[in-house]
Amino acid sequence: MTVRAPSGFPRLSFFGGVAASVLLAGCQSFSSDGGLAPARTAAYAELGKDIVKVSSEVDAQDVQFRVDGLLKRPLTPDSAVQTALLKNRGLQAEFNELGVFEAEFVAATLPPNPTVVLSRLGGSLELEIERQILIGLFELATLPARAAVAEQRFRAAQFRTAEAVLRLGAETRRQYYRTVAANQQVAFMQQALATAETASELAKQLGESGALNKLEQAREHAFYQELGAQLARARIQQKVERERLIRQLGLWGRDIDFRLPGSLPPLPARIASATDFERQALERRVDLQALRHDLTATAGQFGLTSATRFVSDIELAGTSNYERLKSFPPDGNGGTEVQRETLRRRGLEVEFTIPLFDFGATNVRNARETYLAAANRLAERAVNVRSEAREAYARYRGNHELARHYQARVLPLQKKIQDESLLQYSGMLVDVADLITDARARILSNVDAINARRDFWIASTDLKAALVGGGAGGGDSGGETVTAAAAGGGGH
């Protein structure tokens, strides 16, 4: 229901005082860094890296110069992360989205724009001109509250941008380890294939001399061919993993010819202890900070809705009317004279809407449920953060123990078995089938050892992400695991 209340105040001078002294005092200006301060702090504190928002050709040239320097040497996990933070266009889009949020925040702190209405009615004997200036009083009165809500939403967007930075860093590091592991598997399998080729050629020569029967020759040749097929599959996966890393880094053209090390980093001698992981996660996770700001903004919106539930808005209109009339009365001499009359009127008109049928109950219920949903999302995330920290540490510690087990126990034993099998084969104590079985077991153990080391470094990345934000890896190693006769060092 809309109610109009006209008034005949003669002056409109109070508009200038209200608009100038009350409204302009709360205007917000744009930040010099585009609101990237939390994201830049997170990148430096948690990743040891910096970020750059590319807004001009000069920025793009500076970024390319830095990337060229990073790509001159084989990439490390740290240089890969820094390259991604500089070149990934998806991250630049996140920075642009943050700029949109900042623009909305600044707009929310500005006073409401007045509406100007001009009308002109004219005839042969009269002319009427009406001017109106309309200002929403509720918009004026609730400006500080609305600006505070917009600020909290902008702060939440800032921390979500920081989360995007941390997520890209974590995903790049994970993909780096997958790509290097694929390279290492291919290198091991090439060594194994070279040895198997030599053995296959030797078996052929022994068969021609009659020292090796056709069945054993066939087994030796089959093992060589099988290993060649597995190497081809590993090379395909190697190319796939490299392309995935290229997409994370945001590279194209000549930049994709970067170099990588031939093997994964060695395992650390000691690992982090499980001390206050849950508390650290609750304090440091940027996604939790974003949700806290969302909850504060929703609480402010709830209070604003409750305060305006009975009258949704009041619109004040200043009216100025100019009217000119003409008349032609007789002049007493048998003729007529022209008389002109000018009328000027000023006044105010107040218009407001009353929620006659629900008294604002629907808006209040909407705001209340929205607030409770935000509170429950924050509580759910806090519970999940604790669990993610515990899960990440369990995988981190478990994968470290598994990788060390392969390195210290399994591989030395497989090598010993291989050496003894070769000695017994040379003494004609075992046949080719046993030798091939032992070779397959050793190759598979080498592949599993590489995968275990890869999974440890991915779990280490996941643990960091569980503490500061950036998305949990879920323990997925990614890629494919080469099996059977495919992978490993040494051959037979």
Side-chain angles (χ1 to χ4, degrees), residues 74-75 174-207 212 215-247 256-266 403 406-407 410-415 417-419 421-422 425 432-458 476-492:
L75 279 181
R174 294 185 190 107
Q175 189 56 43
Y176 174 88
Y177 293 131
R178 294 181 184 119
T179 306
V180 175
N183 293 344
Q184 190 171 354
Q185 285 185 356
V186 168
F188 268 108
M189 290 169 57
Q190 286 174 336
Q191 296 175 10
L193 185 65
T195 305
E197 183 180 14
T198 302
S200 178
E201 184 64 28
L202 178 60
K204 179 180 179 181
Q205 296 175 3
L206 291 175
L212 197 66
L215 177 60
E216 291 180 333
Q217 291 181 59
R219 284 172 175 167
E220 192 70 49
H221 297 328
F223 177 74
Y224 169 65
Q225 296 299 330
E226 180 184 0
L227 191 57
Q230 295 289 351
L231 175 59
R233 178 180 297 175
R235 283 174 172 160
I236 294 173
Q237 190 61 32
Q238 180 188 34
K239 293 178 181 178
V240 170
E241 299 294 354
R242 184 178 179 89
E243 290 300 328
R244 290 172 179 172
L245 179 60
I246 288 172
R247 291 196 294 271
I256 68 173
D257 296 327
F258 58 85
R259 293 171 294 158
L260 292 170
S263 62
L264 291 163
Y406 271 102
Q407 180 176 293
V410 177
L411 294 184
L413 285 175
Q414 288 291 349
K415 186 176 185 307
I417 291 173
Q418 184 86 10
D419 294 342
S421 295
L422 285 173
Y425 177 74
V432 172
D434 293 332
L435 189 64
I436 292 176
T437 300
D438 293 338
R440 282 190 175 128
R442 188 186 177 200
I443 292 172
L444 182 59
S445 296
N446 274 281
V447 173
D448 289 341
I450 294 172
N451 292 336
R453 194 191 301 185
R454 174 201 64 193
D455 292 346
F456 165 75
W457 286 113
I458 292 176
D476 296 332
S477 60
E480 298 180 359
T481 300
V482 182
T483 58
H492 80 283

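Using a 4.5 Å heavy-atom cutoff, the side chains of F456 and L264 are not in contact. In this structure, Q230 and I443 have side chains that are not in contact, with every pair of non-hydrogen atoms separated by 4.5 Å or more. Looking only at side-chain heavy atoms (C-beta outward), T179 and R244 stay at 4.5 Å or farther from each other. Counting heavy atoms from C-beta outward, V240 and E243 have side chains that stay 4.5 Å or more apart.
Applying the side-chain contact (heavy atoms from CB on, under 4.5 Å) rule to P265 yields the partners Y177, W457; only residues at least two apart in sequence or on another chain are considered.
Nearest heavy-atom pair across L193 and L231 is CD2-CD2, 3.4 Å. Minimum interatomic distance between Y176 and L75 (heavy atoms only, all atoms of both residues): OH-O, 2.8 Å. Across every non-hydrogen atom of L260 and P74, the tightest pair is C-CB, 4.5 Å. Scanning both residues, V410 and S445, for their nearest heavy atoms gives CG1-OG, 3.8 Å. Closest approach of Q185 and N451 over heavy atoms only: NE2-OD1, 2.6 Å.
Atom CD of Q237 sits about 10.5 Å away from atom CZ of R178, to the nearest 0.5 Å. Separating the CE atom in M189 from the CZ atom in R235 is a distance of 8.0 Å, to the nearest 0.5 Å. Separation of atoms CD (Q225) and CG (L227) is listed at 10.0 Å; rounding is to 0.5 Å.
Formation of a donor-acceptor pair under 3.5 Å by the Q175 side chain with backbone atoms of E241 is found in this model.
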